[in-house]
Amino acid sequence: MATVARPAEEMPRPNIPSANIQLPAVRSYQQVNDEIIATLTPTGAWFIGLGIAITCLLIGIGTWIYQIYMGLGVAGYNPPVMWGVYIITFVFWIGIGHAGTLISAILYLFRAGFRTTIYRCAEAMTVFAVMTAGLFPILHLGRPWKFFWLIPYPHWRFIWPNFKSPLVWDVFAILTYLTVSTTFLFVGLVPDIAALRDRETNPVRKRIYSILSLGWRNSDREWRHFTRAYLFLAAFSTPLVLSVHSVVSFDFAMALVPGWHATIFPPYFVAGAIFSGLGMVFTIIIPLRRWFGLRHYVTINHLDAAAKLCLFTSLVVGLAYMTEFWVAWFSGNKVEQEYFLNRVFGQWWWAAWIMLTCNMILPLTLFSQRLRRNTTWLFILSLFINLGMWFERFVIVVPSLSHEYEPWQWTTYAPTWVDWSILLGSFGWFSMWFLLFIKQFPVIAIAEVKEIIPPRLRTHTATTDIDAAGQHVDYSPETPGEHD
Amino acid sequence: MRGVLGVFRELDSAVDAITALRQAKAGSITVYTPTPRHEFEHALAHGPSVVRRFTLIGGLLGATFGYWIAIWISEYWPMVVGGKPIPSWVPYTVFGFEVMVLVGALSTVFGLFAVARLPRLMMTVGYDPRFTEGDYGIWVECPPDREAKVTEVLQQNGAVEVRRER
Amino acid sequence: MTTRKKWAVYPGLVALAAAAVLLSAVSGGSTPQGRAPQQPIIFPHNPHVVGLQMNCLYCHSSANKSPDPGLPAMSTCMGCHTVIGPRRPDGTARPEVAKLQQFAAKNQPIPWIRIHKVPDYVQFPHMRHVNAGVTCQQCHGPVQDMLPVYQQQNLNMGWCISCHIQQQVRYDCSVCHY
Amino acid sequence: MSDTTQQTGVRRREFLKILGVTSAGAATVGCGPSEAGRLIPYLVSPDQTVPGVSTYFATTCRECAAGCGVIAETRDGRAIKLEGNPEHPINRGAICARGQAALQGLYNPDRFTGPRVKRNGQWADITWAEAVQLFRQRLDEARSGGRAGDVVFLNRHETGSFPFFLDQWLSQMGLPPHLAVDPILDHAVIAANREAYGVAWPSLSFADARLIVSFDADFLDSWGATVAHQLDFADARAKLRDAPRFVYIGARRSLTGLNADEWIPVRSGSELAVANALLAAVRGAGRADVAAAAQAADVPAETLQRLGAELASARPSLVLSGVTTVQARDVARVVNAINQAAGNVGRTIRPAEPLSSFEGAESMAELGSAVERMRDGRVPLLMVRGVNPVFTMPKSAQVAEALGRVPFKVAFTSYPDETAELCDLVLPDHHPLESWGDAQVLPNVVSLQQPAMDPVFRTRATADVLLEVAMAGTPPAPGRPVDYRSWLIGRFPGGAAAFATALATGLTSGTTPRVTPRAPRPEAAPTPAPVEGEGDFAFIVYPSPVLGADGANKPWLQELPDPVSKICWQSWVEIHPESAARMDIQPGDVVEVQGPGGTVRAPAYLYPGLQRETVAMAFGRGHTAYGRFAKDVGANPLDALSPGFDRAGMAAWSGSRVRVRKAGDYVQLVTTEGSARQHGRGIGRALAVNELGRGGASGEEHAGGHVIPGDASHEPLPGLRAPIAADAEGDLRDPKKNEVGMYDPAHPTGMAKRRWAMTIDLARCTGCSACVTACYAENNIPTVGAAYQSGHTQGLPKTAGANILRSREMAWIRLERYWEGDEASPDFETRFVPMLCQHCGNAPCEPVCPVFATYHSPDGLNVQVYNRCVGTRYCSNNCPYKVRYFNWFGYGETDRPQYAWPEPLNWQLNPDVTVRGKGVMEKCTFCVQRIREAENRARAEGRELVPDEFTVACAQACPSRAIVFGDAADEQWTVARQVRDERAYHVFEELNTFTAVVYLKKVTYPAPAAAAPAAAGGE
């Protein structure tokens, strides 16, 4: 077909409207099925990765058993720093869990085309991140075997949870979020599972897929209700995703601890959550597209568009950081002011500066299109963002508690190997689920990709030539910018 | 039940076939498409989906339940915490909202299953695995005497394969 | 056609949910209710309480002045049972009294097995209840007719509370838990 | 008690063991009823005990020489709590931390369980018969050996009949009288007092003085009858406007010094010169020596002049000496002269009504010469009872070697201390709470001592053993006492009947027979050693105020932070910050103190309350034996000293020169202190005396105070008239609401009528920390610092105090000690703030608990329900006062390595209070068990609560009566009146927590010259 060689001086090309990103290299529905389902065959590397993940998980489990038997004292808690690595990691994972629903739901409502090929991956990430996060509130309890007392169920004691406690809101926010995002993921998967089912030869797997696909047949009636239901789910998930992290932020904002007691927390947390989520999306999808050879599905333009979103959230987060300091100064509250001084220049200056550097300063590089389209840099940056967001939560939890109203109780905090290995275990748990997922289900939504590629028509074949807006010409490995 | 199944390669031929069949009053038509296309929606001219009702009812039920359980529980065993009123609606709003989303979303999915006749426990007649890949399908349920007519219409509109099933 | 089969799924789900709720409703309610252990001496309350019309307080002497009802000391038993020996006037044996006297001879207390026990984090003042006119039977059941004595009530918190609310007395947590 | 216990003792103990397991010992784990145990009834029900109801025995505290009266609360035959005897003239119902901890001596898991003998280096248990047989045989050998005159009996100094009984027995055996030893008694003052007044210890009246001057006399903590002094001193301070000003002179500012209004940091060794200068000033004599003294003391001359003038004008005054240098006796003499000259004798110093507790103690020099004789191998037999010379004398005195030269050594000691370890035969004595006795506390008042319970172990009262030995072989004659008790009764005026009645109060008038006083020592001997050693620092060794000489084996005392340094489970070297900076010493750097007798190493603590050329260490830790809680914890400062005495034969613990150098390594300080400054947060507030009467709002503006919007301070003491503050109150008052249950004041239970509250008077509080230990004893609070509890505290050395390095101490009430003003100058001020749960009306901890484990009870308590707690620890995060404590380990679970009460320590557990399990939050409950108990009692007697009818544990113990507890909603309770005091304030009022604990501001007394108010407040 016609490959138009583009003159070099056209670089850098103008920005692509993110609503209208096409997949020139994908031509037929057939090709979509072939290429995507091909990624499901397990490889050696995959088994090795899974092995590592499970090892980490086992380390975490072993440590937890030790902690349950001995008591929380084996962790590095140092009263009045009553919350530590566990709560930090809980908020960290919940934050990660926000990008998925954002991309799949909010961007769906906004009709942002670049979501199509990355949302399945992000959504899976969300579900597993929330599954991971959900463990930590239980894990940090003094008596974890009593966690179900937080759930309102009728029993002979006649006593119920306290619905005025942010922790109970948490329970419901997280359970709701987990249920809804899982449903969302599954509903979106059903047509693709049907595709797998029809292609599968192994009888056992075929049976499983048939059950999971609920007998989906791509009939017009199914599609009609499906699209409608999907829309409503998206419409529900959008406020939900905003509420969940607001509720998580209430855990802090509702307390009168200096550094916590701030009305800015909900928006601040939501922005931070989406920011960290996008970071994790990059961390996952950049190696994945290379590994699975899906670079013509998740094109550099998709990453470019996502990077813009990332930059935006980073700016919001940075603004929130600055606002906190301003409020502390403007409130005239001496306790608050002392705390914020201590945060940046005191005991915990290093944590604060890691946070500011990774979340506020480094992402500014995304203003450069060249860096936005450089996957290596995006990947490195995403690692920094993950680190920075973990430390943001560290800075929120630890310095506040260690420097409160009572000077006599000012103290310090040092995690022990127990905290660290449980943190490691959480990464193992997350990666295990994710690795299992990507080899059982398509990481790119087959049916939705088919939506955006031109259908075969009797009259003519759809054109994929370059257009004035600088949209893609035919895909060929040499085309600059289409892959790296 | 019995009928004729036509398999199409191209979108527009399938659409034309549908219009033709509807003019011919050939019987109830089911269209299989790998991905939802508006062309079919227009051609079939079905009414809007009823899933929305499930969503609305579910959401309302959820919100009500959320508020009710919280208030009922705090009145059930009055305990003052932090000098706050025993039933205080502000914190309970969070709870009501979350339960609304939960029940609303679940009932939406339930509605989807109900109206789309899912889960379908076994594949029924008039289906072909190709429909999940690239091809479009049209399944016309019709009495035997009309099968010939339907087959003809399908073939005229460029079906790559037409077969009768029962 | 299988359209009928699939509707059977939903009642199934509903049934499961209901079962789960019921299960949770009784969870934690499991107490040694009805427990009737074999005591070292098969002590019959009936002849003492019904037959001899002895007041409960004769043996459980501190029930009306202490949180702890108190157990009869060996001396209390032997007060009568030095006279009322192991043989009835008609010559039939009283094996349990014989056991009692053996314990007394060895100067050993009787290792009774405890039946009614609230957890250690529950403070139960007997005298408040006894003095308020709560009969022993209300919590311990018809001990005078029990052989062997068993735990009749479940002694659950809900069971305590329902009575407290009904009687318009304190049901504040800090009344029992501290 | 006695008869029944004789009969059923052992079995009762079995019974109690079982009870200990089933009731008090178990912890809140699980939610259903735990496995029901066995019920073991009495054989014969003891006459005056009702099961489940406490019985009280009045007896005498023997922890120090003072002989306070205590009331031992026993439950089902176990002593569970000690409280001061309100009738007692010395302590008037108060009790100090060491007194409280007597229980842990009684139940100490390391006590000798029975007699034991050392056979070729190995300890072997033997029966009492064998033991007494062996003892008697060795005794006869020693007597027959013709060296009977050299036999030594060391007895811990005590007053009462026993010393007489002992000497009687010794003379009967043809042996010399015993030596009464008390290592921390101020023999110098005693000697001086004998000269001046003819009595060892005249009673002191602080309240009548208008100026108090103390030369190193730590009278609140370790000098004399401290509880009596505290009560009196606090009463003096409570006079507010006419309260005496207090000047402390000394090289180290002890706890008493921190309570002083002015501190004059004189160079150690210059006290005599200063005292002479003051004497001259009082006598109105020359000025020259003032300059010289100021020169020697390195203080501005005008300070001394001003003080001299003040002393001359303010009459009566009260001048005390507690100096422990080689000049101690001389300083004490001069101080007595000052009192004479100032006309204090008979007014503030009352020889006419002396304390008898300090009569009859031998000087340490006597002990020293006894040790000399041992070293010369002249002592055939040594008997020791409650004395531990190996630990209490400097290592350089080589007591251990001396003991090695004694052929046979018998210990009547109860604990495996250093000396007992070196003995050949141990005949363990009863604990004072298990034995009979008496103490002469005032010339005409005898305080009786009776057993509160049966012996815990196979011990025997020494007196009984001696009697048995004396009677062995001879036929029992009628009328001869069979045991010490009958001996006591036999001599008791009025006999058995009178004795029985006297036991009710534990007091009786009259005198016990005195030991024949020895002739006063000739002036010459012992010659005071010159100031020994060299180096640019003077070394001060002071007895640890919390441990005393022998408190180290009691976890309560080990865990109780030192009131000055706030360090526990550790020894430390106090050094002035400037000196430390000069030598580049950071807190925690191990320093080596090299003195004439050797070197001692300990981490440095920078203490501004020191004269710059001084280093100081507390004596009390550094045991090499003495059980699991004491062994290898801390260092013994005496290792650096040489055995020197002053003229009165008192061991000179201070004044020798030492070299101090940085040892290089570092040890984290086991301190409970976060920041030593208030950062202007107005926690402990004060106002100068001249600001009194200007209305409560006076005193300092503190930062948080009136800045933050929503400040509630416009309303005086809000939230104290009703159990629930603010919003909820409106809600509950709403007549349309009928489902508020007990929160409705009209509810039949009437619980909502009360608002339990507390006032803490900072003008009275001295920071002695007795309340802390009282709380530990009452509320089953676990100690967490022992070495064996540190095993699983990751990332820290497994030494004692690891858990406290992570600030996991559990003290429900803690004493915060804040510096105010410029620490560089000696004029810095100290604020002691007892901090406990404030039981807020709007408690921030309550709404955040997801399971209602903490909530507000209708009578205004902030309740913590342990068995409901799941351990989210959110409540603690949200508590501004940081008074909630979490069970990081299973301190209360018997099967855990961190179990805090190894058998039989768990016998002391209060059956009315749940023992908390792992993973549960706990905090001050306002002693809710006492509230409920009082309510039950009132109900049983068909009455309402009588105002002030009961109080909480901390208030009960407080030796300065600073804490008042009661119902603030009822005007008849004292607390309801106190909260209207002009000095009243809430801590962190601006947070709208509406606390139920009200503090009354401290009052400071600036020096007359310094006009400006010294109360710089929260700066």
Side-chain angles (χ1 to χ4, degrees), chain C residues 28-32 35 37 40 59 61-62 64-78 103-104 107-123 125-128 131-132 151 154-157 164-165 167-178, chain D residues 11 14-15 18 22-28 30-46 50-53 76 741-742 747-749 751 852-853 855 857-859 861 863-868 911-917 925 928-929 931-933 935-936 939-940 942:
Chain C
S30 61
T31 59
R35 181 163 160 280
C59 296
S61 53
S62 58
N64 62 346
K65 49 180 175 293
S66 159
D68 179 350
L71 273 177
M74 174 67 83
S75 55
T76 317
C77 305
M78 295 310 289
F103 275 111
N107 209 14
Q108 252 179 23
I110 307 159
W112 298 109
I113 294 166
R114 187 164 190 174
I115 298 174
H116 294 84
K117 168 126 173 61
V118 288
D120 300 309
Y121 47 77
V122 178
Q123 314 286 341
H126 267 87
M127 70 284 196
R128 278 298 286 266
N131 295 336
Q151 178 179 336
N154 60 21
L155 302 185
N156 283 339
M157 179 169 148
H164 271 235
I165 292 177
Q167 300 292 332
Q168 288 262 308
V169 293
R170 305 174 163 198
Y171 54 91
D172 181 68
C173 310
S174 69
V175 170
C176 308
H177 296 303
Y178 49 81
Chain D
R11 281 180 200 79
E14 301 304 321
F15 153 73
I18 291 149
T22 52
S23 85
T28 46
C31 58
S34 57
E35 185 43 52
R38 285 183 168 269
L39 286 172
I40 312 298
Y42 291 110
L43 276 167
V44 179
S45 57
V50 178
V53 175
D76 301 324
M742 282 170 299
H747 191 272
T749 61
M751 274 184 100
F852 281 120
Y855 75 101
S857 82
D859 47 358
L861 297 175
V863 178
Q864 175 71 23
V865 184
Y866 311 122
N867 46 305
R868 180 66 175 169
D912 294 342
V913 177
T914 311
V915 177
R916 282 76 62 184
T925 61
V928 61
Q929 69 276 8
I931 299 177
R932 300 291 174 242
E933 197 251 340
E935 285 170 343
N936 291 346
R939 173 59 64 94

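All chains are named by letter (A, B, ...) in the order of the sequence lines, taking the proteins before the strands, and each is independently numbered beginning at 1.
Distance check: C/Met157 CE to D/Asn867 CG gives 8.0 Å after rounding to the nearest 0.5 Å. A distance of 6.5 Å separates CG in D/Asp76 from CG in C/Asp68, rounded to the nearest 0.5 Å.
The side-chain heavy atoms of D/Met751 and C/Val175, taken from C-beta on, include a pair separated by under 4.5 Å. With contacts defined as side-chain heavy-atom distances shorter than 4.5 Å, the pair D/Asn936/C/Met127 qualifies. Using a 4.5 Å heavy-atom threshold, the side chains of D/Arg932 and C/Ser174 count as touching. In this structure, D/Pro51 and C/Leu71 have side chains that are not in contact, with every pair of non-hydrogen atoms separated by 4.5 Å or more.
Residues C/Tyr171 and D/Met742 approach most closely at N-SD, 3.4 Å, considering heavy atoms. Contact between D/Val53 and C/Pro67 at its shortest, heavy atoms only, is CG2-CD, 4.2 Å. Across all non-hydrogen atoms, the minimal contact from D/Val865 to C/His177 is CG1-CB, 3.8 Å. In terms of heavy-atom proximity, C/Gln168 sits nearest to D/His747 at O-CE1, 4.0 Å.
With a threshold of 4.5 angstrom between heavy atoms, C/Pro37 does not approach chain D through any atom at all. Residue C/Pro111 touches chain D through both its backbone and its side chain, counting heavy-atom pairs closer than 4.5 Å. Heavy atoms closer than 4.5 Å to chain C are found in the side chain of D/Tyr855, but not in its backbone.
Annotation: side-chain contact (heavy atoms from CB on, under 4.5 Å) contacts of C/Gln123 (sequence neighbours excluded): C/Tyr178, D/Thr914. Taking C/His126 as the reference, C/Phe124 meet the ring-ring contact (aromatic ring centres under 6.0 Å, His included) condition, with sequence neighbours excluded.
Between C/Arg170 and D/Glu935 there is a salt bridge, with a side-chain nitrogen of the basic residue lying less than 4.0 Å from a carboxylate oxygen of the acidic one.
Of all the listed residues (C/Cys173, C/Pro72, C/Ser61), the one sharing the greatest number of non-hydrogen pairs under 4.5 Å with chain D is C/Cys173.
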